Amino acid sequence: MLSEGTVKTRVKRVMSELFLAGRAQAVVVAYETGLVRPGAASAPEYGGLPPGP
């Protein structure tokens with residue numbers, strides 16, 4: 001299990017290495033590079049999120 005502090009540090013370091021200004025920019029870059037596709041997060045074949053309440 002990772003602590004919240006560890007995750008925050010890792011995310012900050014990766015974003016710095018990729019010259020990203022914030023999480024929104026990281027999302028844009030992920031879409032532009034094909035790392036993610038629209039709708040993929042909820043697709044069952046990708047282990048998507050379970051249905052909401």
Side-chain angles (χ1 to χ4, degrees):
M1 186 85 166
L2 298 173
S3 74
E4 181 179 345
T6 299
V7 173
K8 286 182 178 184
T9 299
R10 301 280 175 126
V11 169
K12 187 175 179 180
R13 187 172 296 163
V14 168
M15 290 181 61
S16 174
E17 289 177 6
L18 296 175
F19 304 104
L20 299 172
R23 291 179 294 173
Q25 187 180 8
V27 171
V28 170
V29 170
Y31 277 105
E32 288 177 344
T33 60
L35 184 62
V36 295
R37 294 180 300 168
S42 60
E45 62 269 19
Y46 294 104
L49 301 172

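On a predicted model such as this, the values are computed, not experimentally measured, just so you know. Below, all heavy atoms of this structure are taken into account, side chains as well, without hydrogens, waters or symmetry copies. Along the sequence shown, the residues carry numbers beginning at 1.
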Verify the cluster assignment for Val27 and Val7: are they in a single hydrophobic cluster under the rule of side-chain heavy atoms below 4.5 Å apart?
no
Of all heavy-atom pairs linking Tyr31 and Arg37, the shortest is CE2-C, 3.7 Å
For Glu17, which residues count as a side chain to side chain donor-acceptor pair (under 3.5 Å) partner, sequence neighbours excluded?
none
In terms of hydrophobic clusters joined by side-chain contacts under 4.5 Å, are Val11 and Leu2 together?
yes
Is there a donor-acceptor pair under 3.5 Å between the side chain of Thr9 and the backbone N or O of Gly5?
yes
State the CZ-CZ distance between Arg13 and Arg10, to the nearest 0.5 angstrom.
6.5 Å
Count I, L, V, M, F, W, Y as connected when their side-chain heavy atoms are under 4.5 Å apart, and connections chain through other members. Are Met15 and Leu18 then in the same cluster?
yes
